[in-house]
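Below is one structure, written out as structure tokens; comments come after it.
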Amino acid sequence: MTAAPILLTSFQSWRSHQRSNSSDDLLCALQSQGRLPANSILLRNLPVSFDLAPIEVSSELRRQKPRAVVCCGMAEKRAYLSWEQQAKRAGRQTLQTSFNLKRLIYQTQLSQISYDAGSYVCNHLYYSVLEAAFAQHELPSVVFAHVPVLRASTRRFIQRDFFKILHRIANQI
């Protein structure tokens, strides 16, 4: 029996001082180490665009029909791997992940639950993907992870946490 597909997304870098995007670096590292769940689908280097990123992910949702979506973005000012509970739209409208984040991050070292996905493209993409997921008949579970800059002192812990959480997601779907 083939494992249910998990769609994993990352953004390209968007500021001139960024050599890369930590969300993409993390996915690449886990892929090269063979540590992604079986049947993972990578949609890497999404454009940092309010219009284009959701279109690319929605298209992949329709084409691949994953059972889970883990969107990833970079959070330069955060020190922890932040798992977003919700996304907001103007007017205080929110959509929540269906994952139990407390269970997902249980016994991790550098992961936390966040209730603020920001006000930029990450939040917009998260809201759009949650909205698209709710509109589908076979509802995929969706979550967003903000990845801090991967420093030599934290890279190994963040990779281990992300690996552990991805496999918990794979076992739930």
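When a residue number appears, it is its place in the shown sequence, counting from 1.
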Going by side-chain contact (heavy atoms from CB on, under 4.5 Å), name the residues that satisfy it together with Arg160, two or more places apart in sequence or in a different chain. Gln109, Arg156, Phe157
What's the shortest heavy-atom distance between Ile165 and Leu104, and which atoms? CG1-O, 3.1 Å
Show your reasoning for whether side chain to side chain donor-acceptor pair (under 3.5 Å) applies to Ser98 and Ser141. CA-CA 6 Å; Ser98 60; Ser141 297; 3.3 Å; yes
Taking all non-hydrogen atoms of both residues into account, name the closest pair between Lys164 and Thr108 and its distance. CD-CG2, 4.0 Å
Centroid-centroid distance, Phe162 to Trp83, less than 6.0 Å: yes
Can you check ring pair (Phe, Tyr, Trp, His ring centres under 6.0 Å) on Phe144 and His146, steps first, answer last? CA-CA 7 Å; Phe144 195 101; His146 269 114; 4.8 Å; yes
Quick one, Ile113 with Ile105, criterion side chain to side chain contact (heavy atoms under 4.5 Å, CB included). Give me CA distance, side-chain angles, the key distance, then yes/no. CA-CA 8 Å; Ile113 297 171; Ile105 70 166; 3.7 Å; yes
Residues Gln172, Asn100; criterion side chain to side chain contact (heavy atoms under 4.5 Å, CB included); working and verdict: CA-CA 10 Å; Gln172 286 184 20; Asn100 181 328; 5.9 Å; no
Test His167 against Phe163 for ring pair (Phe, Tyr, Trp, His ring centres under 6.0 Å), laying out the working first. CA-CA 6 Å; His167 284 273; Phe163 169 79; 4.4 Å; yes
Tell me which donor-acceptor pairs under 3.5 Å the side chains of residues 48-59 have, and how far apart each pair is, sequence neighbours excluded?
unit_1 : atom_1 : unit_2 : atom_2 : d
Ser49  : OG     : Asp51  : N      : 3.3
Ser49  : OG     : Leu52  : N      : 3.0
Ser58  : OG     : Pro54  : O      : 3.0

For Phe11 and Gly73, work out which heavy atoms get closest and say how close. CD1-CA, 3.9 Å
Residues Ser82, Glu84; criterion side chain to side chain contact (heavy atoms under 4.5 Å, CB included); working and verdict: CA-CA 6 Å; Ser82 300; Glu84 302 298 341; 4.0 Å; yes
Restricting to non-hydrogen atoms, name the atom on Ile6 and the atom on Ile169 that form the minimum distance, rounded to 0.1 Å. CD1-CG2, 4.2 Å
Minimum-distance pair of heavy atoms, taken over all atoms of Asn123 and Ala87: OD1-CA, 3.4 Å
Check whether any side-chain N or O of Asp161 sits under 3.5 Å from a backbone N or O of Ser111 as a donor-acceptor pair, and report yes or no. yes
Could you work out, with side chain to side chain donor-acceptor pair (under 3.5 Å) as the rule, every residue matching Arg44, not counting sequence neighbours? Asp24
Nearest heavy-atom pair of Pro37 and Ala170: which atoms, and what distance? CB-CB, 4.0 Å
